Amino acid sequence: MSDKSKQALDFVRSVELPPEDKAFDRAIARARDDVGPMADDPEGDETASVVGGSLASFTANLTGQNRSDSKNATLFAQLAADAAFDRQSQPMEWYHQYVEVLSQIGWNRPGFNFSSYTSGGTTVQLDQAVLTILGGLATANEIAMVAATMEALKEMSDDSKQMTVWDSKSSDGSKGNFQILPCTREDNGDVAMILTGMQFTAHHSEKRFLWFSWSSDSIKIVQAAARFVLNEDIYKEVRKAIVERLGERATKYVAEIPLGD
């Protein structure tokens, strides 16, 4: 094992994670999951998942292991950031920790700097803002996949596991902190993910905030986006330890989103 891999493993074993969220566990126990777990070998199909406060989408050329690694890694980073900072009241500190954890476990660390987002009009929808932001980094196929993911989640009932996880972890009402994560395997074989970090503060609460048409003067949005690449030589050395530390949260916090044909 290389020194970098040993350092990554030591980090995974020692970083603090939050205690179990009993209120969330009760909500998940009541929620409906009509979709179930992802197929063992989904290669050849696009898939999508709610992963805590993130929406992850996967291109057809990713293996089941690639998808599982991406979900577990980003969930682990969310939980470690949750243990260090309040997701909604300290969003910038939270994101700094989130990106730091990803870099420690094998994802490269590009520049990831936040700036204000404005729609240029009198109204703004967060789902459309996401697609605009991705336009500078993602391929047309990745953008279409993210659009399909958000639309598929929109069609799910409020009592579904998918919406229950998303609502619980992405927003506390008038504040929100969520990630949009299109993932792919590049031509050189690298697993890559566009981390799109979004944070908003609004004048009022909306349960389905992602699709609500906000008055532009009623919401403040900041965003950052960058393409992260996974060093699989490092991640393979921490994969088992991350799964062990996640425990049941690897299934409680994750719900598949059906994308259809």
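Starting from 1, each residue takes its place in the sequence as its number. The structure displayed is predicted, hence computed values, not measured ones.
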(request) Return yes if a side-chain donor-acceptor contact under 3.5 Å exists between Thr149 and Ser57, otherwise no. (result) yes
(message) Regarding Thr139 and Asn141, do their side chains bring together a donor and an acceptor under 3.5 Å, going by distance alone?
(response) no
(request) Decide yes or no on side chain to side chain contact (heavy atoms under 4.5 Å, CB included) for Phe76 and Val15, but give the supporting numbers first. (result) CA-CA 10 Å; Phe76 187 77; Val15 70; 3.5 Å; yes
Give a yes or no on whether the backbone of [Y] and the side-chain of [X] come within a donor-acceptor separation of less than 3.5 Å.
{"X": "Ser168", "Y": "Val165", "result": "no"}
{"X": "Gln90", "Y": "Asp86", "result": "yes"}
{"X": "Asn188", "Y": "Asp190", "result": "yes"}
{"X": "Ser216", "Y": "Thr123", "result": "yes"}
{"X": "Asn66", "Y": "Thr63", "result": "yes"}
{"X": "Ser14", "Y": "Asp10", "result": "yes"}
{"X": "Trp214", "Y": "Phe209", "result": "yes"}
{"X": "Ser171", "Y": "Lys175", "result": "yes"}
{"X": "Arg67", "Y": "Ala48", "result": "no"}

Work out which heavy atom in [X] is nearest to a heavy atom in [Y]; give both atom names and the distance.
{"X": "Ala226", "Y": "Pro110", "result": "CB-CG, 3.7 Å"}
{"X": "Ser49", "Y": "Ile257", "result": "C-CD1, 3.9 Å"}
{"X": "Leu134", "Y": "Pro182", "result": "CD2-CG, 4.1 Å"}
{"X": "Thr196", "Y": "Leu181", "result": "N-CD2, 4.4 Å"}
{"X": "Gln162", "Y": "Ala255", "result": "CG-CB, 3.7 Å"}
{"X": "Val12", "Y": "Ala241", "result": "CG1-CB, 3.8 Å"}

Could you grab the distance from atom [atom1] of [X] to atom [atom2] of [Y], nearest 0.5 Å is fine?
{"X": "Ile133", "Y": "Ser115", "atom1": "CD1", "atom2": "OG", "value": "8.0 Å"}
{"X": "Lys6", "Y": "Asp3", "atom1": "NZ", "atom2": "CG", "value": "8.5 Å"}
{"X": "Gln88", "Y": "Asp172", "atom1": "CD", "atom2": "CG", "value": "4.5 Å"}
{"X": "Ser170", "Y": "Asn177", "atom1": "OG", "atom2": "CG", "value": "9.0 Å"}
{"X": "Leu153", "Y": "Leu259", "atom1": "CG", "atom2": "CG", "value": "10.5 Å"}
{"X": "Arg109", "Y": "Gln104", "atom1": "CZ", "atom2": "CD", "value": "8.5 Å"}

(message) Measuring centre to centre across the rings, with the benzene-like ring taken for any Trp, is Tyr98 within less than 6.0 Å of Phe112?
(response)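 Judged by ring-centre distance (under 6.0 Å), Tyr98 and Phe112 do not meet the cut-off.
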(request) Would you confirm whether the ring centroid of Phe24 sits within less than 6.0 angstrom of the ring centroid of Tyr253? (result)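 Here the rings of Phe24 and Tyr253 have centres that are less than 6.0 Å from each other.
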For a 4.5 angstrom cut-off between non-hydrogen side-chain atoms, does [X] reach [Y]?
{"X": "Lys252", "Y": "Asp25", "value": "yes"}
{"X": "Val222", "Y": "Met92", "value": "yes"}
{"X": "Arg227", "Y": "Glu186", "value": "yes"}
{"X": "Thr122", "Y": "Ser215", "value": "no"}
{"X": "Ser70", "Y": "Met193", "value": "no"}
{"X": "Ile194", "Y": "Val146", "value": "no"}

(request) Test Ser54 against every option in Gln179, Lys71, Lys169 by the side-chain hydrogen bond (donor to acceptor under 3.5 Å, both in side chains) rule and name the one that passes. (result) Gln179
(request) From the options Gln78, Glu93, Gln199, select the one residue that forms a side-chain hydrogen bond (donor to acceptor under 3.5 Å, both in side chains) with Arg87. (result)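 The residue from Gln78, Glu93, Gln199 that satisfies side-chain hydrogen bond (donor to acceptor under 3.5 Å, both in side chains) with Arg87 turns out to be Gln78.
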(message) Please evaluate residues Met156 and Lys161 with respect to the criterion side chain to side chain contact (heavy atoms under 4.5 Å, CB included), reporting the C-alpha separation (whole Å), side-chain torsions for both, the decisive distance (0.1 Å), and the verdict.
(response) CA-CA 9 Å; Met156 307 203 79; Lys161 181 183 179 185; over 6 Å; no
(request) Take Val191 and Asp69, measure what side chain to side chain contact (heavy atoms under 4.5 Å, CB included) needs, and give me the verdict at the end. (result) CA-CA 10 Å; Val191 174; Asp69 288 347; over 6 Å; no
(message) Over 60° means perpendicular and under 30° means parallel, so tell me whether Tyr95 and Phe114 are parallel, tilted or perpendicular.
(response)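 Aromatic pair Tyr95/Phe114 classed tilted.
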(message) Can you tell me how the ring of Trp166 sits relative to the ring of Phe178, calling it parallel under 30°, perpendicular over 60° and tilted otherwise?
(response) perpendicular
(request) Could you point out which residue of Asp167, Asp127, Asp158 forms a salt bridge (charged side-chain N to carboxylate O under 4.0 Å, His left out) with Arg208? (result) Asp158
Look at the side-chain heavy atoms of Ile, Leu, Val, Met, Phe, Trp and Tyr, link any pair under 4.5 Å apart, and say whether [X] and [Y] land in one connected group.
{"X": "Met198", "Y": "Phe228", "answer": "yes"}
{"X": "Leu195", "Y": "Val229", "answer": "no"}
{"X": "Leu137", "Y": "Met150", "answer": "yes"}
{"X": "Ile234", "Y": "Phe11", "answer": "no"}
{"X": "Val238", "Y": "Val243", "answer": "no"}

(request) Give the C-alpha distance, both sets of side-chain angles, the deciding distance and a yes or no for side chain to side chain contact (heavy atoms under 4.5 Å, CB included) between Asn108 and Asn231. (result) CA-CA 7 Å; Asn108 75 317; Asn231 183 327; over 6 Å; no
